[in-house]
Amino acid sequence: MKRLREAAVGAWEFVAGDDWLTAVGVLAALGLTALVSDPDEAWIVMPLAVAGLLALSVWREARKRDRT
Amino acid sequence: MVSGQAVGLVVSVFLACAVEAVEALTIVLAVGATRSWRSSLLGCAVAVFALAATTAILGPRLTSLPIDTLRLVVGGLLLVFGLQWLRKAILRAAGLKAQHDEEEIFREEAEAARAAGARHPGFDPYAFTIAFKGVLLEGLEVVFIALTFGANQGRVGLAAVAAVAAVLTVAAVGVAVRAPLARVPENAMKFSVGVMLTSFGIFWGAEGAGASWPGGDAALLVIVPLVLLFSLALTRALRAGTAEGRVAEA
């Protein structure tokens with residue numbers, strides 16, 4: 001059980017890296033796209049979400065470095 | 001005829017693999033030059049074999065998934081990896097994160113190797129382990145990129161060829177110059193890989209989640225430049241912010 005948990009934590013760290021918020025945001029954006037009922041309108045969700053996530057991620061990191 | 005997606009696959013995998021191979025080469029050279037070439041190269045070879053085996057085992061399993069599930073998983077993974085590559089490349093380009101200095105890393109690795117105790121005359125476990133770990137860790141992300149890109153297009157073989165070509169190119173240059181490849185524009189390469197992974201991630205992720213792109217595959221011709229322009233705009237805004245901060249401090 002302990003090894004399974006360690007493997008799961010290792011896999012999550014490998015995928016999410018040092019920015020888990022972006023990984024969660026990507027999952028949420030994919031979920032939101034799936035929820036939009038019209039496929040011809042659903043494509044807009046991903047570009048907007050990714051732009052927001054990238055800007056937020058870069059801004060957070062820049063602010064962190066400003067403080068140190 | 002070669003499709004745009006196939007070109008994207010080859011360029012992304014080649015660049016991602018080349019940049020990670022440059023970093024792995026620095027580690028292999030450092031332990032090889034200071035401890036044992038034989039053990040260092042053996043560690044490198046075993047790691048390459050493990051990465052190839054991972055590709056061979058996971059590749060067919062991924063391609064057997066239903067196409068929508070595959071696109072959703074692949075799109076999500078490419079986005080998570082791509083946004084990480086892009087964020088770090090933007091921060092480096094804006095001067096907020098130190099550039100990857102291969103000569104400095106070579107010096108640090110060589111120093112650690114010298115401090116690691118007596119060298120074994122035959123097989124040197126330290127050189128083997130450091131080279132093995134370095135190549136495996138640098139290569140694992142590339143394997144995932146190659147697998148996800150390749151599986152989604154049913155072209156794992158083409159992705160593997162691009163990856164092998166990148167490794168052979170870096171290895172050949174490394175053997176020729178016998179030094180870390182400090183002049184390779186690593187950040188520009190990482191920036192390009194980040195843009196490609198993010199763009200294809202947006203495209204396939206949305207398709208996998210049920211969306212239809214206006215113009216079909218041609219939408220990629222708009223997504224890639226938009227992601228690039230947005231990333232360059234972020235870099236510029238960060239640079240301006242950093243310069244303003246410096247002026248205010250002065």
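These values consider heavy atoms only, across backbone and side chains, with no hydrogens, waters or symmetry-generated copies.
Smallest separation of non-hydrogen atoms from B/Phe230 and A/Ala55: CZ-CB, 4.2 Å. Contact between A/Thr33 and B/Ala206 at its shortest, heavy atoms only, is CG2-O, 4.1 Å. Taking both residues in full, the closest heavy atoms of B/Gly76 and A/Leu30 are given as CA-CD1, 3.8 Å, listed atom of the first, atom of the second, then distance. Between A/Asp40 and B/Ser212, the shortest heavy-atom distance links the atoms OD1-CB, 3.6 Å.
Contact of B/Phe203 with chain A is not made at all, since no heavy-atom distance falls under 4.5 Å. Within the 4.5 angstrom heavy-atom criterion, no atom of B/Ser199 approaches chain A. B/Ile223 does not touch chain A: none of its heavy atoms, backbone or side chain, sits under 4.5 Å away. Interface residue B/Leu83: backbone and side-chain heavy atoms are both found under 4.5 Å from chain A. Contacts between A/Val58 and chain B at a heavy-atom distance below 4.5 Å involve backbone atoms as well as side-chain atoms. Of the atoms belonging to B/Ile202, heavy atoms from both backbone and side chain fall under 4.5 Å from chain A.
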Working for side-chain contact (heavy atoms from CB on, under 4.5 Å), residues A/Met46 and B/Leu79: CA-CA 10 Å; A/Met46 287 311 292; B/Leu79 270 175; 3.2 Å; yes
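With respect to chain B, the highest number of heavy-atom pairs below 4.5 Å among A/Val45, A/Asp19, A/Leu54 belongs to A/Leu54. Top candidate by heavy-atom pairs under 4.5 Å with chain A, chosen from B/Ala237, B/Ala209, B/Gly82, B/Gly75, is B/Ala209. Between chain A and the residues B/Lys97, B/Arg87, B/Glu141, B/Lys88, the largest count of heavy-atom pairs under 4.5 Å involves B/Arg87. Annotation: maximal heavy-atom pairing with chain B below 4.5 Å, among A/Pro47, A/Pro39, A/Ala42, occurs at A/Pro39. Contact count against chain B (heavy-atom pairs under 4.5 Å) is highest for A/Ser57 among A/Ala23, A/Gly31, A/Ala49, A/Ser57. Heavy-atom pairs under 4.5 Å with chain A peak, among B/Leu140, B/Thr198, B/Leu86, at B/Leu140.
You'll find the side chain of A/Trp43 reaches within 4.5 Å of the side chain of B/Pro214, heavy atoms only. Put simply, the side chain of B/Leu96 does not reach to within 4.5 Å of the side chain of A/Glu61, judged on heavy atoms.
With sequence neighbours left out, B/Trp85 forms a ring pair (Phe, Tyr, Trp, His ring centres under 6.0 Å) with no residue at all. Residues meeting the salt bridge (charged side-chain N to carboxylate O under 4.0 Å, His left out) test with A/Glu41, sequence neighbours left out: none.
Within 6.0 Å of OH in B/Tyr126 there are more than 12 heavy atoms belonging to other residues, nucleotides or ligands.
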